[in-house]
Amino acid sequence: MMKKFLAFAMSLAMVFSLVACSGGPSASSSAAGSASAAASSEAGAPAGGTDGKLITVGFAQVGHESDWRTASTNSVQAAFSKDKGFDLQFVDCDNNSAKQLEAVRNFIQQGVDYIVIDPIVSTGWDTVLTEAQSAGIPVIVIDRTIDDSDKYVSWVGSEFTNEGLAAGAWLKAYAEKKGIKEINALVIEGTTGSSAQIGRTNGFKKYADANGWKILDSQSGNFTQDGGQSVMESYCKSYQGKFNVVVCQNDNEAFGAEDAMNAAGVKYGIDGDVVLISFDACKAGLKEVLSGKINADFQCNPLQGPFCADIISKLAAGQTVEKKTYMKEPWYVSEDVLTDISYTNNAGNDVTEPLIHVTQDVVDKAY
Ligand code: AHR
């Protein structure tokens with residue numbers, strides 16, 4: 001009975017998604033989607049099954065590679081608690097794509113009511129999503145995107161290309177303000193093939209190409225502190241005295257890069273010779289922004305659990321859901337020299353967005 005109802009809800013949602021998906025994302029639609037989901041969760045909108053039974057949800061999480069990931073796991077586990085009407089089965093896939101596909105197949109075999117996936121990589125999904133669809137199990141994707149299949153009901157996450165574009169726009173404006181004439185950048189990328197790595201790389205590269213910046217090297221640090229440190233150690237040897245910008249695609253890589261630069265005697269941050277840019281803006285990252293070691297940090301918002309639970313509650317109640325919901329993500333800076341940045345976002349809209357000057361209060365409120 002529950003399965004039949006779910007299949008009906010899924011087909012309704014799929015029909016609606018064709019409408020919801022037809023336009024590109026815009027800053028205003030992102031914010032609106034986030035706000036409405038938050039509002040309904042905070043107001044205690046009905047969660048769980050309509051018949052009083054717990055809704056079973058299988059969640060195939062990426063792993064445990066970063067502070068961001070810990071915040072994401074906590075957010076989903078809190079939103080899918082038993083007292084909110086859910087029975088959550090959580091699998092940490094340890095950044096292993098084969099393990100993640102196996103976890104999803106196990107959820108299908110168990111016959112859970114819904115499957116939530118945070119895809120490690122953006123491709124290779126169509127077969128297993130077809131299997132879920134045939135079993136009548138709706139799939140919700142969070143955080144990273146699936147780019148080679150449309151067989152999921154809804155996605156909530158970040159516009160990673162906009163994060164990269166914003167970093168580029170900030171660096172251009174900052175360099176102009178500070179009289180920095182040449183940019184020689186080293187990039188430490190995230191996990192290869194993840195939509196977070198692809199979007200941030202492409203967004204920043206667009207600015208580099210348009211402004212004649214040199215990207216001396218771009219290697220993966222796998223979104224980990226150890227990875228960031230070992231890539232930066234090798235960069236410090238190969239490019240000694242030749243770089244003035246380091247872009248780390250998450251905070252943990254930036255912490256590792258700092259350790260490597262400290263050991264190599266490289267001065268970075270607002271009083272140094274190297275501008276350090278990061279993504280995520282977790283509490284530990286914003287502490288580094290406050291102390292001036294990281295110049296700018298572009299938030300990736302991990303608090304997606306309530307939005308995801310809201311989507312599932314709506315599906316269970318037979319309601320339609322948005323195909324895509326973008327998280328609201330502010331940009332943080334160490335120095336109070338620029339108030340905002342303007343750029344053309346990934347949807348082709350010209351936007352002007354504020355830069356938040358980090359204070360202790362901002363750090364205290366961070367995730
Ligand atoms: O997919 C989100 C990214 O994955 C975050 O930037 C990073 O910290 C995490 O590991």
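When a ligand or atom number is given, it counts from 1 through the structure's own listing order. Throughout, residue positions are numbered sequentially from 1 according to the sequence presented.
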Donor-acceptor pairs under 3.5 Å, side chain of residues 86-95 to any protein atom, not counting sequence neighbours: which ones?
unit_1	atom_1	unit_2	atom_2	d
D92	OD1	H64	ND1	3.4
D92	OD1	D94	N	2.8
D92	OD2	H64	ND1	2.7
N95	ND2	N222	OD1	3.4

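- Side-chain contact between V247 and I188: absent, with no pair of heavy atoms (C-beta onward) separated by less than 4.5 Å.
- With a 6.0 Å cutoff to the six-membered ring centre and a 45° limit on the axis angle, K323 counts as a cation-pi contact of Y152.
- More than 12 non-hydrogen atoms from other residues, nucleotides or ligands lie less than 6.0 angstrom from NZ of K283.
- Contact check on K178 versus E335 returns a salt bridge, with a Lys/Arg side-chain nitrogen under 4.0 Å from an Asp/Glu carboxylate oxygen.
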Ligand 1: which protein N/O atoms lie under 3.5 Å from its N/O atoms?
unit_1	atom_1	unit_2	atom_2	d
ligand 1	1 (O)	R69	NH2	3.4
ligand 1	1 (O)	D143	OD1	3.1
ligand 1	1 (O)	D143	OD2	2.8
ligand 1	1 (O)	R144	NE	2.8
ligand 1	4 (O)	R69	NH2	3.1
ligand 1	4 (O)	R144	NH2	2.9
ligand 1	6 (O)	R200	NH1	2.9
ligand 1	6 (O)	R200	NH2	3.2
ligand 1	6 (O)	D280	OD1	2.5
ligand 1	8 (O)	S66	OG	3.1
ligand 1	8 (O)	N250	ND2	2.9
ligand 1	8 (O)	D280	OD2	2.6
ligand 1	10 (O)	E65	OE2	2.4
ligand 1	10 (O)	S66	OG	3.1

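- A distance below 6.0 Å separates the ring centres of F204 and W213.
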